[in-house]
Protein chains: 2
Amino acid sequence: MNRVVVEKKVLNENQILAEQLRQRYHANGVFCLNLISSPGSGKTSLLERTLERFPKNTRVAVLTGDIQTENDAIRLARAGFPVKQITTGGTCHLDCRMIEKHLADWPLETLDILLVENVGNLVCPSSYDLGEHAKVVVLSVTEGEDKPLKYPSIFFKAELAVINKIDLLPYVPFDIAKARENIQKIHPGCEIIETSCTTGEGLDRWMQWLETQRERAVGTAVR
Amino acid sequence: MNRVVVEKKVLNENQILAEQLRQRYHANGVFCLNLISSPGSGKTSLLERTLERFPKNTRVAVLTGDIQTENDAIRLARAGFPVKQITTGGTCHLDCRMIEKHLADWPLETLDILLVENVGNLVCPSSYDLGEHAKVVVLSVTEGEDKPLKYPSIFFKAELAVINKIDLLPYVPFDIAKARENIQKIHPGCEIIETSCTTGEGLDRWMQWLETQRERAVGTAVR
């Protein structure tokens with residue numbers, strides 16, 4: 001038995017479950033995003049700002065993954081929408097079994113948007129389809145503009161790259177034009193939005209992108 | 001066949017090779033460090049500053065891991081010491097097979113210090129013993145002081161935690177006292193050094209730590 005065979009088996013099992021989830025999302029008109037980044041790139045902050053901007057009657061929920069701690073669920077629950085923590089207990093990514101289990105008592109027909117925050121890891125989560133409509137990769141300007149070249153899989157698979165923490169640009173040696181160029185090298189045509197969760201810059205564009213994608217995916221306005 | 005069994009087999013094979021590497025390092029008086037962090041925490045910058053500070057006759061070499069690109073090896077080779085890139089091609093961590101293969105034409109008796117820069121990933125590399133004398137975890141202040149609690153495995157296993165990019169402290173909401181407290185919660189007694197590869201702060205202490213650990217491990221001064 002070699003590692004490649006094993007990885008394929010694990011991935012294939014996940015892929016079957018991902019198709020089932022995709023069908024369930026489709027049948028219930030749920031738009032699902034899978035947010036992926038390094039630890040500390042600002043996924044949770046982006047989701048906090050996102051939830052704050054939704055009208056209170058938006059039918060949105062969040063699943064947030066971490067190896068340990070319920071910290072992110074506690075932060076995100078402050079906005080008043082349903083949030084659940086998925087604690088993987090060591091596993092470096094979310095998979096469909098975890099998603100299914102945590103959706104068990106959330107009837108999908110009561111939701112329009114499901115935001116999934118993956119474990120902080122720029123490598124492994126890109127291999128696990130969660131049945132989402134789109135993957136979003138978040139890269140912060142403190143990480144360096146070479147990251148799309150070094151971690152090509154997630155930049156290739158993501159529909160959108162969010163370049164976050166742009167308020168820190170004056171203090172770090174980050175060449176944002178080069179970063180955009182590197183993203184396009186790996187994934188020509190990839191959409192890119194620059195954001196700061198501190199100043200709010202770029203967040204309107206991000207909310208517009210989210211709504212446009214949702215409309216395209218499920219063909220209705222947010223109820 | 002379940003995933004746990006598979007992971008154990010892969011890990012056990014690595015563990016056997018790790019013991020062999022450890023014996024070879026011991027027999028040749030080579031001190032080996034395994035540097036682990038998120039993407040963009042500054043492992044390569046720390047190694048650049050480290051190599052610059054070594055006397056030119058230091059018998060030091062570097063193996064640097066990445067999914068793709070030779071960028072880090074090119075950066076590190078400028079200091080004039082032997083450097084090799086390990087390109088994993090998708091694998092999220094370094095393992096002993098990769099180390100062994102890249103050491104094949106580096107006679108260990110010609111080295112005193114081997115610095116291994118792992119793939120940027122705060123999760124998976126912590127599970128793979130590379131036969132090193134110590135793991136060093138690098139956390140940058142832009143990532144948030146909660147990371148030791150969320151990624152406990154590597155903070156538990158590391159002999160030293162480097163808190164890097166402290167020059168950015170005025171611009172980010174990072175509570176360094178809380179970060180130190182969180183590291184101690186996961187790993188009581190863990191050594192912590194605060195550094196900036198931009199201003200050079202803390203690098204003397206880091207170089208001292210490295211030399212003290214090396215002396216303790218192999219019992220001689222750098223030739």
Side-chain angles (χ1 to χ4, degrees), chain A residues 1-3 5-7 9-10 13 37-42 44-45 65-72 75 87-88 90-93 95 97 119-127 139-154 165 167-168 170-174 182 186 198, chain B residues 1-3 5-7 9-10 13 37-42 44-45 65-72 75 87-88 90-93 95 97 119-127 139-154 165 167-168 170-174 182 186 198:
Chain A
M1 182 179 65
N2 68 41
R3 197 175 310 176
V5 172
V6 166
E7 281 186 357
K9 284 198 184 182
V10 173
E13 183 201 286
S37 83
S38 304
S41 300
T44 313
S45 297
D66 261 313
I67 307 273
Q68 289 294 344
T69 85
E70 302 269 327
N71 295 1
D72 286 356
R75 277 172 66 183
T87 309
T88 68
T91 302
C92 52
H93 58 271
D95 65 26
R97 274 191 190 283
V119 175
N121 182 335
L122 210 46
V123 191
C124 318
S126 79
S127 301
L139 171 71
S140 81
V141 303
T142 63
E143 295 167 48
E145 65 278 337
D146 56 345
K147 294 304 170 288
L149 305 180
K150 288 184 167 185
Y151 303 87
S153 172
I154 181 56
K165 304 195 189 181
D167 53 294
L168 294 178
Y171 315 113
V172 293
F174 185 86
N182 287 340
I186 299 299
T198 305
Chain B
M1 180 177 66
N2 69 39
R3 196 176 308 176
V5 171
V6 166
E7 281 185 359
K9 284 197 182 180
V10 172
E13 184 201 285
S37 81
S38 304
S41 300
T44 313
S45 297
D66 260 313
I67 307 272
Q68 288 294 344
T69 85
E70 302 267 329
N71 294 2
D72 287 355
R75 277 173 66 184
T87 309
T88 68
T91 302
C92 53
H93 59 269
D95 64 26
R97 273 192 190 281
V119 175
N121 182 335
L122 209 46
V123 190
C124 317
S126 79
S127 301
L139 170 71
S140 82
V141 303
T142 63
E143 294 167 48
E145 65 278 337
D146 56 346
K147 293 303 169 289
L149 304 181
K150 287 183 167 187
Y151 303 88
S153 172
I154 180 54
K165 304 196 189 181
D167 53 295
L168 295 178
Y171 315 115
V172 293
F174 185 85
N182 287 340
I186 299 299
T198 306

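What's counted below: heavy atoms across the whole structure, side chains too, no hydrogens, waters or symmetry copies. Below, chain A is the first sequence line, B the second, and so on; all start at residue 1.
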May I ask you to decide if A:Asp66's main-chain N or O and B:Tyr151's side chain share a donor-acceptor pair within less than 3.5 Å? no
Among B:Ser126, B:Ser153, B:Gly42, B:Cys92, which has the most heavy-atom pairs under 4.5 Å with chain A? B:Cys92
Criterion side-chain contact (heavy atoms from CB on, under 4.5 Å) on B:Lys150 and A:Ile67, from CA distance to verdict: CA-CA 6 Å; B:Lys150 287 183 167 187; A:Ile67 307 273; 5.9 Å; no
Among B:Asp167, B:Leu139, B:Asp72, single out the residue with the greatest number of heavy-atom pairs under 4.5 Å to chain A. B:Asp72
Contacting moiety of B:Thr142, where chain A heavy atoms sit under 4.5 Å: both
How long is the straight-line distance from CG of B:Asn121 back to CG of A:Asn121, given to the nearest 0.5 Å? 4.0 Å
Heavy-atom pair count under 4.5 Å with chain A, highest-scoring of B:Gly90, B:Ser37, B:Gly120: B:Gly120
Contact origin within B:Leu168 toward chain A - heavy atom pairs under 4.5 Å: side chain
Look up atom OG1 in A:Thr44 and atom CG in B:Asp146, then write down how far apart they are to the nearest 0.5 Å. 8.0 Å
Below 4.5 Å from any heavy atom of chain A, which atoms of B:Lys147 appear? Answer side chain, backbone, both or neither. side chain
Looking only at B:Gly144, B:Pro39, B:Ser38, the option with the highest number of non-hydrogen pairs under 4.5 Å against chain A is B:Pro39
What's the spacing between A:Glu143 CD and B:Glu143 CD if we round to 0.5 Å? 7.5 Å
ring-ring contact (aromatic ring centres under 6.0 Å, His included) partners of A:Tyr171, counting only residues at least two apart: B:Tyr171
